[in-house]
Amino acid sequence: MLEQLKEEVYRANMMLKEHNLVILTWGNVSGIDANHEYVVIKPSGVEYDKLTPESMVVVNLRGEVVEGDLKPSSDTPTHIELYKTYKEIGGVCHTHSLYATSFAQCSTQSVNIPALGTTHADYFDGAIPCTRALKKKEIRSDYEKNTGLVIVETLEKEKLSPEQMPAVLVKSHGPFTFGKNAAEAVEHSIILEEVAHLAANSILLTGVMSLGIIGYKMQDELLRKHFDRKHGANAYYGQTNKK
């Protein structure tokens with residue numbers, strides 16, 4: 001079942017390796033079917049060079065395996081919470097990429113990736129948020145589900161949709177990104193890592209960050225211009241007659 005989606009999710013997972021976003025067996029990508037009933041996701045702990053479209057695991061929104069001989073990713077409940085909350089999400093990606101994860105774990109407080117330039121504003125409507133730390137009871141019981149819930153909580157707190165902010169850092173863990181399909185979710189992870197790298201370099205070069213406090217951000221008008229020209233009601237970036 002869902003052979004095309006398995007192929008898409010397999011290819012998206014392989015993109016993580018191709019773009020140096022994962023090492024060993026870290027990271028995972030999933031996609032959900034058009035009827036929003038079944039999720040296809042990478043199997044847990046399987047090396048990337050051993051993956052095939054047939055090794056992708058199909059689960060329902062209760063996390064039960066519907067098809068596949070392997071265990072699904074341990075992060076499956078996190079993906080499911082995002083799909084259950086946001087019908088517009090068609091793909092979810094999780095990595096432990098170097099710079100994005102560094103922001104997620106660099107302080108005892110939540111540290112956002114600040115919006116410092118137009119590269120950032122082309123894809124993210126403001127600072128990329130980091131979740132609060134999970135509570136002890138959230139870690140001890142239903143940890144992966146609670147990880148998904150704290151991502152949702154963070155977006156709602158910031159009054160952001162997944163289209164405005166297709167990435168969230170999980171405190172002391174790493175980034176999750178989303179998109180209309182699995183490939184776009186990975187694309188957002190690629191962009192996130194580049195933006196995080198740029199931000200880290202900018203902070204180091206300007207010396208304006210101390211204990212998680214950033215002293216500069218780009219002009220609000222410039223952020224608004226770059227985000228809206230791609231994603232706003234009157235967007236004009238790219239080809240107007242795309243087929």
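Under a hydrophobic clustering in which Ile, Leu, Val, Met, Phe, Trp and Tyr are joined whenever their side-chain heavy atoms come within less than 4.5 Å, directly or via other members, Leu98 and Leu198 fall into different clusters. Under the 4.5 Å side-chain contact rule for hydrophobic residues, Met1 and Val59 share a cluster. Residues Leu169 and Trp26 are members of separate hydrophobic clusters, defined by side-chain heavy-atom contacts under 4.5 angstrom among Ile, Leu, Val, Met, Phe, Trp and Tyr.
For the pairing with Phe103, the side chain to side chain contact (heavy atoms under 4.5 Å, CB included) check across Ile113, Leu192, Ile128 returns one residue only, Ile113.
Here the side chains of Leu51 and Met56 are in contact, with some heavy-atom distance below 4.5 Å. Taking 4.5 Å as the limit, some side-chain heavy atom of Leu134 sits within range of a side-chain heavy atom of Thr147. Side-chain contact between Leu223 and Asp125 is present, with at least one heavy-atom pair separated by less than 4.5 Å. Residues Pro162 and Glu88 are in side-chain contact: their nearest non-hydrogen atoms beyond the backbone lie under 4.5 Å apart.
No donor-acceptor contact under 3.5 angstrom links the side chains of His94 and Asn28, judged on distance only. Checking Lys230 against Tyr123 by side-chain atom types alone, a donor-acceptor pair falls below 3.5 Å. Residues Thr95 and Ser189 have side chains that never bring a donor and an acceptor to within less than 3.5 angstrom of each other.
In plain terms, the two heavy atoms of Phe178 and Phe176 that are nearest each other are CE2-O, 3.8 Å. A pairwise comparison of heavy atoms in Pro129 and Glu158 identifies CB-CG, 4.2 Å as the closest pair.
Under 4.0 Å is where a charged nitrogen must lie from a carboxylate oxygen, and between Lys6 and Glu3 at least one such pair does. Ion pairing between a basic and an acidic side chain is recognised when a charged N comes within 4.0 Å of a carboxylate O; Glu163 and Lys180 show no such pairing. A salt bridge between Arg11 and Glu7 is present, with a side-chain N of the basic residue lying under 4.0 Å from a carboxylate O of the acidic one. Residues Lys84 and Glu81 are paired through a salt bridge, judged by an N-O separation under 4.0 Å between the basic side chain and the carboxylate.
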Would Lys17 and Glu47 count as a salt bridge (Lys or Arg N to Asp or Glu O under 4.0 Å) here? Give the steps. CA-CA 10 Å; Lys17 194 72 170 177; Glu47 296 175 11; over 6 Å; no
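Proximity of a side-chain donor or acceptor of Glu193 to a complementary backbone N or O of Ala100 within less than 3.5 Å is detected. No donor-acceptor distance shorter than 3.5 angstrom exists from the side chain of Glu67 to the backbone of Val57, with no hydrogens or angles considered. Of the possible donor and acceptor atoms, none in the side chain of Ser141 sits under 3.5 Å from a partner among the backbone N and O of Glu138. A side-chain donor-acceptor contact under 3.5 Å links Asn181 to the backbone of Ala183. No donor-acceptor pair closer than 3.5 Å links the side chain of Thr118 to the backbone N or O of Ala121. Judged by distance alone, with hydrogens and angles left aside, the side-chain atoms of Thr85 form no donor-acceptor pair with the main-chain N or O of Leu82 at under 3.5 Å. The backbone N or O of Val29 sits less than 3.5 Å from a side-chain atom of Asn13, completing a donor-acceptor pair.
Sorted by first and then second residue, the ring pair (Phe, Tyr, Trp, His ring centres under 6.0 Å) pairs with a member in residues 45-87 form an empty list; sequence neighbours excluded.
For His120, the ring-ring contact (aromatic ring centres under 6.0 Å, His included) test picks out Phe124, with sequence neighbours left out. Among residues two or more places apart in sequence or in another chain, the salt bridge (Lys or Arg N to Asp or Glu O under 4.0 Å) test is passed with Lys145 by none.
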